K.L.:
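One structure follows; several queries about it will come next.
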Amino acid sequence: MIYPILTAEEAARTIKNGDVIGIGGFSSVGTPKAIPSALAKYATAEHEAGREFQVGLITGGATGNPIDSEMALAKAVKFRTPFQSNKDMRGAINSGEVQYFDLHLSMIGQDVHYGFLGKIDTAIIEASEIEENGNVILTTSVGISPTLCMVADKILIELNEKHAGKLRGMHDIYVPENPPYRKAIPIEHVGDRIGTIDVKIDPKKVIGVVLTNDSDHLAPFTPLNAETQQIGNNVAEFLANELKRGGIPKEFLPLQSGVGNIANAVLGALGDNPQVPAFSMYTEVIQNSVVDLMLKGRCQYVTGSSLTLDEEALQKMYDNMDVFGPRVLLRPQELTNHPEMIRRLGIIAINTALELDIFGNINSTHVSGTRMMNGIGGSADFARNAYLSIFTTPSTAKKGLISSIVPMVTHVDSSEHSVRVVVTEQGVADLRGKSPSQRARLIIENCVHPDYKELLWDFLRLSEGKGLHTPTSLRHAFAMHLAYEDTGDMKNAKF
C-alpha cells in the first residue's frame, strides 16, 4: 500500500480550526513530532493573520514538547485530556486558557470508542513500518493509537526511520469490543499474547505520510538521592517481609510501578534484595531501571504501553534483542490499565502521592487543591484493583517547608478505601484492617517527618474521644496549608 508523502507543513494544513485531533503514543515517547510542531507554527501564522485557530487535543497520556509545549505556547489548544506533564501546558491549564478534564488512563480509550468525547477529526500517529496491506507497526509506545485509528475520520502517519525494523513483534495490539459484545480478555499470565503485531488501518482514511528520523526527547531523569533510595529500600523490605510471612505467594506477583525517580529507586531496591525472587511487571511505563533488571535476570518479563527510555537505555535494548525481544510486550493502555487484568493477575501496585492525609487519602494531582500538576494518570486504575496498593512519597517537600502528610488532603484522587500501604523515607504504615483512628496513629508514628510529628499529634488530639469515627477537626483541617500560604512554612500552623 502506497500512501501519499507529505511535508509536515502540508499535513498540518489539513487540520482546520475547531477540529478535534487524537495523538498517538504514551508517556512522551512514540508520539508524533513533526506534524504537531508544524501545526503550532501554522496556528501562530493564522493568529497573526487575525484568524482563529484552536483544536481539541486528546492523547493517551503525556506527550513531548512538540505537542504540549509548542502547541500551548502557540495558543493552539482549546481543550486537553487526559494526563500531561509539561510546564507550558500546565500553565495554560491553570490559567484557564486550556480547558482540561482529567481522566483515568484506563478510560480514555473506551470513552473515545463510546463516542463520549465527540467526533475525532484526525488521528496523528507515529509508525516504524508501513506494511504492504497498509497496516502499521508502531514505535516505542502504543497508548490509544489503535482506537484513534478506528474512530477518526482521517489519519496522518509519521513514519520514523529511527526505529525501522527494530520493534517488529514487540507489540500486542488488541482493543476490547464495545458492550454488549465485550468478551473476557484472555490474559492469564503477563506474557500471554492475544493480539496482532500491527495496527489495522483503513487505507481510505490515510491522507498522508510524513517521513521523519527523530528520537524521543525525554526530560532527564532526576538522579536518586538518599531520600528516594531509602523509600525504595523501605518498600523492598516490606515486600520481602510479606513474602516471608505468606502475605504474598512464594512465586511473587507482577509489579506495577509509576513514573519517576522514586519508582526507579523502588525497582532498583527490589532487584538488589536477595529475598525477593525474580519478578515480572505488568505496568504502564517501562523505565530505564527495568532494562538493567532484565539484563541482570531480576525481571523476567514486562508488559507495558511505552518504552520510556533515554537514548542510552533504548540503544542497550536494541543491542540485546535476544534478551528483550521475547520478554517485552507493548500493549494499548486499554489492556495495561484494565481493571480486569489488574485484579486477575494480582498486581502489586506502587505509585507516588503528591500529598496524603493521616487517614490514608491520596492527592495525586492538585497543589493546594486548586492548581493542576500532571493529572491522575493510571495510579487509581491500579490502586483500586491491585492485590496490594502501595503509595510512596518523601515526607517533606520544598526543603522541609511543606509536609507531604497533612490533616486532610486538599483534593482526593485515591480514597482511604483503595490505599493499603503508605511508605516514606521515614518508614512504612500498613493500613490494612485499621480504623481511621488507627490509620492516623500508624501514619504519624511511622511516616511523618520529625519536624511535623508533634504538630500532627496535636491535630489528632483535638478530635479524639469526641464520638467521631474519623477524628478530624474541620475548623483546623487546612491549617497547615494556610500557614504555608501565609508564612511560607507549614510548621507555623496552630491548632
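Side chains included, hydrogens not; waters and symmetry mates left out as well; all remaining heavy atoms used. Everything quoted here is computed from the prediction, not taken from an experiment.
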K.L.:
Is Val142 close to Ile173 at the side-chain level, that is, under 4.5 Å between some pair of heavy atoms?
P.N.:
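Heavy-atom side-chain distance check passes, below 4.5 Å.
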K.L.:
Are Lys33 and Ser37 close enough that a side-chain donor and a side-chain acceptor fall under 3.5 Å?
P.N.:
no
K.L.:
For residues 313-343, which residue pairs pass the ring pair (Phe, Tyr, Trp, His ring centres under 6.0 Å) check, not counting sequence neighbours?
P.N.:
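Matches after skipping sequence neighbours: none remain.
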K.L.:
Ignoring hydrogens and angles, tell me if any N or O in the side chain of Asp381 forms a donor-acceptor pair with the backbone of Ser106 under 3.5 Å.
P.N.:
yes
K.L.:
Output yes when a side-chain donor or acceptor of Lys205 lies under 3.5 Å from a complementary backbone atom of Ala152, and no otherwise.
P.N.:
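Judged by distance alone, yes, a pair lies under 3.5 Å.
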K.L.:
Which residues pass the side-chain contact (heavy atoms from CB on, under 4.5 Å) test with Lys87, sequence neighbours left out?
P.N.:
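For Lys87 the side-chain contact (heavy atoms from CB on, under 4.5 Å) partners, ignoring immediate neighbours, are Arg90.
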K.L.:
Can a donor-acceptor pair be found between the side chains of Thr410 and Ser368 at a distance below 3.5 Å?
P.N.:
no
K.L.:
For Ser305 and Gln333, test the side chains for any donor-to-acceptor distance below 3.5 angstrom and give the result as yes or no.
P.N.:
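Side-chain D/A pair, Ser305 to Gln333: absent.
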K.L.:
Between Glu340 and Arg344, does any side-chain N to carboxylate O distance fall below 4.0 Å?
P.N.:
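Looking at Arg344 together with Glu340, the answer is yes, because their closest N to O distance falls below 4.0 Å.
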K.L.:
With sequence neighbours excluded, tell me which residues meet salt bridge (Lys or Arg N to Asp or Glu O under 4.0 Å) with Glu284.
P.N.:
none
K.L.:
I'd like to know whether Glu177 forms a salt bridge (Lys or Arg N to Asp or Glu O under 4.0 Å) with Arg182, so could you lay out the CA-CA distance, the side-chain angles of the two residues, the decisive distance to 0.1 Å, and finally the verdict.
P.N.:
CA-CA 5 Å; Glu177 296 170 282; Arg182 180 166 290 184; over 6 Å; no
K.L.:
Would Asn264 and Ser289 count as having a side-chain donor-acceptor pair, cut-off 3.5 Å?
P.N.:
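Their side chains do contain a donor-acceptor pair, which is all the 3.5 Å distance test asks for.
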K.L.:
For Phe53, which residues count as a ring-ring contact (aromatic ring centres under 6.0 Å, His included) partner, sequence neighbours excluded?
P.N.:
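Once residues adjacent in sequence are excluded, the partners of Phe53 under the ring-ring contact (aromatic ring centres under 6.0 Å, His included) criterion are Tyr42.
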K.L.:
Determine whether a donor-acceptor pair (N or O, by modelled atom type, separation under 3.5 Å) exists between the side chain of Glu158 and the backbone of Pro32.
P.N.:
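Looks like no, no N/O pair under 3.5 Å.
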K.L.:
Classify the side-chain pair Asn86/Asn65 by whether it contains a donor and acceptor separated by less than 3.5 Å.
P.N.:
yes
K.L.:
Between the side chains of Glu355 and Asn363, does any donor sit under 3.5 Å from an acceptor?
P.N.:
yes
K.L.:
Taking atom types as modelled, find out whether Asp216 and Thr140 have a side-chain donor-acceptor pair closer than 3.5 angstrom.
P.N.:
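Checked: Asp216/Thr140 side chains pair up, N/O donor to acceptor below 3.5 Å.
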K.L.:
Determine whether Ser418 and Phe391 make a side-chain contact, defined as any pair of heavy atoms from C-beta on separated by less than 4.5 Å.
P.N.:
no
K.L.:
Is Asp357 reaching over with its side chain to a backbone N or O of Val409, donor-acceptor style, under 3.5 angstrom?
P.N.:
yes
K.L.:
With distance as the sole criterion, is a donor-acceptor pair present between the side chains of Asp111 and His113 under 3.5 Å?
P.N.:
no
K.L.:
Indicate whether the side chain of Thr59 and that of Arg80 have a donor and an acceptor atom separated by less than 3.5 Å.
P.N.:
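Per modelled atom types, Thr59 and Arg80 side chains form a pair under 3.5 Å.
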K.L.:
Quick one about Asp413 and Thr365 (side-chain donor to acceptor, distance below 3.5 Å, no hydrogens or angles considered), yes or no?
P.N.:
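Looking only at side-chain atoms, Asp413 and Thr365 do form a donor-acceptor pair, the distance falling under 3.5 Å.
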K.L.:
What's the shortest heavy-atom distance between Leu307 and Val29, and which atoms?
P.N.:
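Looks like O-CG2, 3.5 Å.
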K.L.:
Check the side chains of Asn351 and Gln256 for a donor-acceptor pair under 3.5 angstrom, ignoring hydrogens and angles.
P.N.:
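Indeed, the side chains of Gln256 and Asn351 share at least one donor-acceptor pair under 3.5 Å.
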K.L.:
The criterion is salt bridge (Lys or Arg N to Asp or Glu O under 4.0 Å); which residues satisfy it with Asp292, sequence neighbours excluded?
P.N.:
Lys316
K.L.:
Under 4.0 Å between a side-chain nitrogen and a carboxylate oxygen: does that hold for Arg168 and Glu129?
P.N.:
yes
K.L.:
For the residue pair Asn374 and Ser85, confirm or rule out a side-chain donor-acceptor distance under 3.5 Å.
P.N.:
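No pair is found: no donor N or O on one side chain lies under 3.5 Å from an acceptor on the other.
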K.L.:
Is the closest side-chain donor-acceptor distance between Asp310 and Asn288 under 3.5 Å?
P.N.:
yes
K.L.:
Inspect the contact between Arg432 and Glu416 and indicate whether a charged nitrogen and a carboxylate oxygen are less than 4.0 angstrom apart.
P.N.:
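Salt bridge flag = no for Arg432 with Glu416.
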K.L.:
Can you see whether Glu334 engages Thr147 through a side-chain donor-acceptor pair at a distance of less than 3.5 angstrom?
P.N.:
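The criterion, which ignores hydrogens and geometry beyond distance, is satisfied for Thr147 and Glu334.
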K.L.:
For the side chain of Thr44 and the backbone of Ala40, is there at least one donor-acceptor N/O pair under 3.5 Å apart?
P.N.:
yes
K.L.:
What pairs meet the side chain to side chain donor-acceptor pair (under 3.5 Å) rule with one or both residues in residues 293-303, with sequence neighbours excluded?
P.N.:
Thr303-Arg331
K.L.:
Are a donor atom and an acceptor atom from the side chains of Tyr100 and Asp102 found within less than 3.5 Å of each other?
P.N.:
yes
